[in-house]
Amino acid sequence: DAKTTQPPSMDCAEGRAANLPCNHSTISGNEYVYWYRQIHSQGPQYIIHGLKNNETNEMASLIITEDRKSSTLILPHATLRDTAVYYCIVRVVVNDMRFGAGTRLTVKP
Amino acid sequence: DTEVTQTPKHLVMGMTNKKSLKCEQHMGHRAMYWYKQKAKKPPELMFVYSYEKLSINESVPSRFSPECPNSSLLNLHLHALQPEDSALYLCASSQDTAEFYGYTFGSGTRLTVV
């Protein structure tokens with residue numbers, strides 16, 4: 001699986017958009033980009049995934065660059081409940097998902 | 001039912017005890033997973049079951065013994081653990097690997113070995 005690089009921590013003001021970057025310069029053509037988050041003392045929660053095209057669901061938007069070497073997870077209107085560790089994972093569709101260090105997002109009032 | 005249920009939520013056990021963690025899902029998922037998470041670290045994959053057969057064992061010590069009695073249930077049997085095995089143990093499930101819909105995680109069992 002391709003390696004991912006995320007900033008260790010980020011802050012965001014409540015009500016503003018949170019943009020979480022992820023670099024995956026060694027991604028291969030059949031690898032998807034997945035995002036999960038883990039709120040303190042809970043299990044990780046699936047957010048969104050994509051291959052080439054930008055994706056949007058009720059939780060977030062995923063923007064993947066044309067060369068697929070990086071992506072950005074966008075939480076359009078961050079709330080205090082979005083404070084969590086966000087994991088960007090790149091992998092093919094097999095059942096061995098492994099987590100990197102992630103980004104600790106703190107949403108501040 | 002869209003949840004993965006883990007029991008117990010908390011467990012304290014001595015180094016000579018035998019205990020089991022239980023994980024249950026009723027979403028029809030055919031892959032189930034055990035992860036271990038130490039404080040302030042990401043989850044680490046331990047075991048993967050696919051169609052009730054063990055498909056991945058990440059070189060986990062034999063004091064951890066997984067079992068998948070049926071497609072809805074996953075157990076982790078614990079014996080002769082060490083204090084360093086204290087961690088949050090997470091169970092997850094997913095659809096058949098041919099299609100991806102995301103993993104569903106339980107809330108975990110917080111294990112303390114004394």
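Per chain, numbering begins at 1; letters A, B, ... match sequence-line order.
Only the side chain of B:Glu58 comes within less than 4.5 Å of a heavy atom in chain A; its backbone stays farther off. Using a 4.5 Å cut-off between heavy atoms, B:Ser55 touches chain A through its side chain atoms alone. When heavy atoms are compared at a cutoff of 4.5 Å, B:Gln37 approaches chain A solely by way of its side chain, counted from C-beta outward.
Heavy-atom minimum distance, B:Gly102 versus A:Tyr46: CA-CD1, 3.9 Å. Heavy-atom minimum distance, B:Leu90 versus A:Gly43: CD2-CA, 3.8 Å. Nearest heavy atom pair, residue B:Pro42 against residue A:Gly100, reads CB-O, 3.0 Å.
Put simply, B:Phe105 and B:Val4 are part of two different groups of oily side chains (I, L, V, M, F, W, Y) that touch within less than 4.5 Å, one to the next. B:Val60 and B:Leu21 fall within a single hydrophobic cluster, where Ile, Leu, Val, Met, Phe, Trp and Tyr side chains are chained together by heavy-atom contacts under 4.5 Å. Under the 4.5 Å side-chain heavy-atom criterion for Ile, Leu, Val, Met, Phe, Trp and Tyr, B:Leu74 and B:Leu45 are members of distinct hydrophobic clusters. Criterion: ILVMFWY side-chain heavy atoms under 4.5 Å apart, direct or through other members. Under it, B:Val48 and B:Leu54 are not part of a common hydrophobic cluster. Linking ILVMFWY side-chain heavy atoms closer than 4.5 Å, directly or via other members, places B:Ile56 and B:Met46 in two distinct hydrophobic clusters.
With B:Tyr103 contributing its side chain and A:Tyr36 its backbone, the two residues share no donor-acceptor pair below 3.5 Å.
Around atom CZ of A:Arg16, no more than 12 heavy atoms belonging to other residues, nucleotides or ligands sit under 6.0 Å away. Residue-environment remark: NZ (B:Lys38) exceeds the threshold of 12 foreign heavy atoms within 6.0 Å.
Separating the OH atom in B:Tyr33 from the CE atom in A:Met97 is a distance of 7.5 Å, to the nearest 0.5 Å.
Using a 4.5 Å cut-off on side-chain heavy atoms (C-beta onward), B:Tyr35 and A:Pro44 make no contact.
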